[in-house]
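Computation of the quantities below employed the complete heavy-atom set of this structure, encompassing side-chain atoms and omitting hydrogens, waters and symmetry-equivalent molecules. We number each residue from 1, following the sequence as shown.
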Amino acid sequence: MATFSQSTIDKGSDIVQDFLCSTCEDKKLDKMADFYCESCVKFYCGECVNMHNKLFTKHTPYGRGAMKKWPVAKKVEDFLLKCDVHTEESLKMYCDDHSELCCTNCAFLKHRLCQKVSLISDKVKGQSTDLQKLSVSIKTILEEIKKLQDNQEASIQYVQSSYDEQLYTIQKTRQNINSALDTIEQKTLKEMKDTLTKLQASSKSDVDKCIRLRDDMKQLRDAIQDISDKSKLELSFIAIRKCKDKIQQSETYLKENSLLAKVSITFLPNREIIQYLSKLSGLRQIEHSTQTLMGQDNPNKVITVQGKSEHNVRISSDSKECIITAICILPDRKVLVVDNDNANVKLLDQQYQVVSHWSGAGTPVGMCEITPSEVAVTLNGPDTHEVQFITVNNRKLVMGKKLQLQHICGSIAFQQGDLYITSRTALYMYTLSGKFVSKMYEDTSGDHTVDSCAVNPTGDKLYITKYSKHKVLILARDGSVLVTFTDPALARPSGVNVTPSGQVLVCGGKYPNYYIIQLDSEGKRKLATLATEKDVASYPWSICYNRHTACIIVGLFRNNSIQVFKAQ
């Protein structure tokens with residue numbers, strides 16, 4: 001086996017092998033090799049190869065253009081030869097019984113009773129290997145693993161978001177408990193206050209009675225003293241009669257009230273409440289659930305609609321009827337909608353109730369998911385056109401970075417690091433940092449010739465609606481037109497969405513004929529009409545598939561509600 005030197009640079013999951021010039025390495029210099037001489041079994045840089053060619057005129061070094069003739073990098077060779085079990089040993093044998101590669105230790109410890117254990121050097125004689133086919137298979141597996149990794153990373157974000165959501169629910173539950181206890185306390189205080197008032201009123205009545213009796217007795221006493229030495233028989237008779245009556249009345253009252261004790265109020269706690277609360281282990285049970293997210297499926301599987309519901313998304317600060325021009329569903333099931341006419345972005349919970357909103361300086365139009373907790377929103381102002389990034393933090397919308405553009409911003413889509421933005425007559429591609437890449441498509445024959453846009457899960461097809469031309473275009477990743485879809489019923493298509501399975505949904509219409517249709521993934525034919533004017537409350541402006549609940553959410557024009565269609 002040839003011996004040689006190499007340097008290896010690891011970058012993430014990719015391994016970039018390269019080789020050092022053998023002559024320079026002898027001088028303790030690390031210089032990249034540009035040639036390999038099979039005769040010398042050495043590598044040379046551009047300078048050293050000139051000296052080599054003068055000394056060895058019959059040798060034919062291979063440059064980097066012929067690296068297939070270079071030897072296998074030592075690190076690659078060591079990586080492939082290393083036994084997974086006994087890492088210090090090299091793989092030298094193959095067991096046909098178990099279809100396993102093995103080193104001498106493996107052969108002795110695990111495969112000594114096997115019938116078909118042979119040297120790899122003997123095994124490969126007369127066999128061909130299709131490494132290219134394996135490379136394609138590995139590429140496919142790597143893509144699938146990357147998707148799984150992305151889903152798991154989204155799951156991490158989702159479980160964190162659900163945790164934050166439940167924290168809010170716990171706080172809300174505590175507030176409700178506090179409110180209920182406050183109500184009980186207020187009722188108890190009122191009852192005690194009523195008792196106090198009643199008792200005090202009764203005592204006050206007795207006090208008043210005593211005061212009246214005492215006043216009457218004092219007056220009679222003074223009257224008797226005044227007439228005691230005067231010969232006023234009639235007055236004396238009346239005084240005696242009144243005194244006897246008042247004395248009898250007073251004695252009766254004293255007899256009736258002489259046994260009264262001091263009155264007090266006592267509160268007896270409801271111990272059942274305390275005992276019940278003390279037995280609880282928490283405010284409620286904590287559970288976790290696992291949901292399988294929809295993966296790649298048949299993009300031409302026809303969706304069927306089974307019922308619908310409407311949800312009001314108007315808030316108190318809205319001055320106009322809502323125009324929902326974009327919808328986005330995050331991995332934690334929160335829903336974001338763009339209300340164009342009221343110039344805000346609204347955050348909805350899983351029950352489609354508005355829990356927060358954000359208003360910027362411009363008028364929002366389009367929106368797309370960037371990360372599991374971040375979206376990009378297009379806005380237009382009198383003198384500005386921009387993309388605003390917004391992060392969903394717990395139940396709040398927090399502004400992030402902003403990209404300034406030189407054209408009107410309409411619909412927006414994101415896939416594989418690229419932003420696709422329409423401008424009513426063109427489709428542009430930008431990097432996530434806002435660097436202009438290309439004008440992918442343009443139609444200046446009228447206004448709203450490039451309206452809404454969407455990209456399929458694999459990123460190789462883009463869909464744009466031509467609102468004023470009553471068409472849907474399917475573009476390749478380079479912007480070339482693959483298919484132009486037209487249909488007699490395809491009037492003013494306003495919204496387009498691609499499900500995670502690749503199913504294509506389009507909504508729109510011309511009063512009074514509204515529609516939601518499904519196209520095949522190639523855009524060549526209509527697969528189904530999912531809803532008509534009988535089902536849609538008003539003009540359907542935007543559409544989005546919620547993979548978590550298997551629902552189609554439709555944003556309406558000048559209507560305060562969104563419609564949710566249950567799909568299957």
Open item on the list: Over 60° means perpendicular and under 30° means parallel, so tell me whether His311 and Tyr352 are parallel, tilted or perpendicular.
Closed with: tilted
Open item on the list: Using the ring centroid of each side chain, check whether Tyr420 and Phe414 are separated by less than 6.0 Å.
Closed with: no
Task: Crowding at CD, Glu234 (>12 non-hydrogen neighbours, <6.0 Å) - done: no
Task: For Leu556 against Val536, the heavy-atom pair lying closest together - done: CD2-CG1, 3.8 Å
- [ ] For Gln306, look at atom CD and say whether over 12 heavy atoms of other residues, nucleotides or ligands are found less than 6.0 Å away.
- [x] yes
Open item on the list: Within the 4.5 Å heavy-atom criterion, are Thr325 and Ile323 side-chain neighbours or not?
Closed with: yes
TODO: Just do the ring-ring contact (aromatic ring centres under 6.0 Å, His included) check on Tyr514 and Tyr539 with the steps written out, would you?
DONE: CA-CA 6 Å; Tyr514 305 134; Tyr539 185 85; 5.7 Å; yes
TODO: Using a cut-off of 6.0 Å, state whether more than 12 heavy atoms not belonging to Gln225 lie near its atom CD.
DONE: yes
Open item on the list: Can a side-chain donor-acceptor contact be found between Asn546 and Thr549 if the only test is distance below 3.5 angstrom?
Closed with: yes
Open item on the list: Check whether Ser501 reaches the backbone of Asn298 with its side chain - one donor and one acceptor, N or O, closer than 3.5 Å.
Closed with: no
TODO: Identify the heavy atoms of Gln388 and Gly400 that sit nearest to each other, and give their distance.
DONE: NE2-O, 3.2 Å
Open item on the list: Is it true that Asn344 and Asp318 share a donor-acceptor pair across their side chains at a distance under 3.5 Å?
Closed with: yes
Open item on the list: Take a 6.0 Å sphere around NZ of Lys308 and say whether it holds more than 12 heavy atoms from other residues, nucleotides or ligands.
Closed with: yes
Task: Distance-only side-chain donor-acceptor flag, Thr431 / Ser433, under 3.5 Å - done: yes
Open item on the list: Taking the side chain as everything from C-beta on, heavy atoms only, tell me whether Ser452 gets closer than 4.5 Å to Ser494.
Closed with: no
Task: Exam field: side chain Thr378 to backbone Gly410, donor-acceptor pair closer than 3.5 Å - done: yes
Open item on the list: If I compare all heavy atoms of Ser538 with all of Phe557, which pair ends up nearest, and what's the gap?
Closed with: OG-O, 3.4 Å
Task: Residue pair Phe389, Glu374: steps toward the side-chain contact (heavy atoms from CB on, under 4.5 Å) verdict - done: CA-CA 7 Å; Phe389 290 82; Glu374 184 183 40; 3.6 Å; yes
Open item on the list: If you define the side chain from C-beta out and look only at heavy atoms, does anything of Val506 sit under 4.5 Å from Phe485?
Closed with: no
Task: Lys346/Ile315 under side-chain contact (heavy atoms from CB on, under 4.5 Å): CA gap, chis, key distance, verdict - done: CA-CA 9 Å; Lys346 298 172 180 176; Ile315 57 179; 4.1 Å; yes
Task: Parallel, tilted or perpendicular: ring planes of Tyr467 versus Trp541, cut at 30 and 60 degrees - done: tilted
TODO: Give a yes or no on this: more than 12 heavy atoms of other residues, nucleotides or ligands lie within 6.0 Å of atom CZ of Arg174.
DONE: no
- [ ] Mark yes or no for whether Thr304, through its side chain, and Gln568, through its backbone, hold a donor-acceptor pair below 3.5 Å.
- [x] yes
Open item on the list: Testing the basics here: between Ile327 and Val554, what is the closest heavy-atom pair and its distance to 0.1 Å?
Closed with: CD1-C, 3.9 Å
Open item on the list: I want to check something: taking the side chain as every heavy atom from C-beta on, are Asp339 and Val345 in contact at a cut-off of under 4.5 Å?
Closed with: no
TODO: Take Val496 and Leu519, measure what side-chain contact (heavy atoms from CB on, under 4.5 Å) needs, and give me the verdict at the end.
DONE: CA-CA 10 Å; Val496 60; Leu519 308 184; over 6 Å; no
Task: Any donor-acceptor N or O pair under 3.5 Å, side chains Thr458, Asn456 - done: yes
TODO: Taking all non-hydrogen atoms of both residues into account, name the closest pair between Asn380 and His385 and its distance.
DONE: OD1-ND1, 2.8 Å
Open item on the list: Any heavy-atom pair between the side chains of Leu419 and Leu432 that's under 4.5 Å?
Closed with: yes
Open item on the list: One thing to verify: whether Arg558 and Asp341 come together as a salt bridge, which I'm taking to mean a side-chain N less than 4.0 angstrom from a carboxylate O.
Closed with: yes
TODO: For the residue pair Ile324 and Val313, establish whether any side-chain heavy-atom pair is separated by less than 4.5 Å.
DONE: yes
Open item on the list: Between Val498 and Leu505, does the side-chain contact (heavy atoms from CB on, under 4.5 Å) criterion hold? Intermediate values first, please.
Closed with: CA-CA 6 Å; Val498 183; Leu505 305 176; over 6 Å; no
Open item on the list: I'd like to check Val387 versus Val377 (side-chain heavy atoms, cut-off strictly below 4.5 Å). Are they in contact?
Closed with: no
Open item on the list: Using the rule given for salt bridge (charged side-chain N to carboxylate O under 4.0 Å, His left out), can you reason through Asp208 versus Arg212, listing the C-alpha separation, both sets of side-chain angles and the distance that settles it, and then say yes or no?
Closed with: CA-CA 6 Å; Asp208 293 341; Arg212 287 196 301 272; 5.2 Å; no
TODO: Could you tell me whether a side-chain N or O of Asp349 sits under 3.5 Å from a main-chain N or O of Lys334, the two making a donor and an acceptor?
DONE: no
Task: Greater than 12 external heavy atoms within 6.0 Å of Gln416's CD - done: yes
TODO: Check whether any side-chain heavy atom of Ser236 sits under 4.5 Å from a side-chain heavy atom of Ile227, and report yes or no.
DONE: yes
Open item on the list: Check this for me: does any side-chain nitrogen of one of Lys218 and Asp222 sit under 4.0 Å from a carboxylate oxygen of the other?
Closed with: no
- [ ] Mind listing the closest non-hydrogen atom pair of Phe565 and Ala531 along with its distance?
- [x] CE2-CB, 4.2 Å
Open item on the list: Looking at Lys401, I want to see if its NZ is surrounded by more than 12 non-hydrogen atoms of other residues, nucleotides or ligands under 6.0 Å.
Closed with: yes
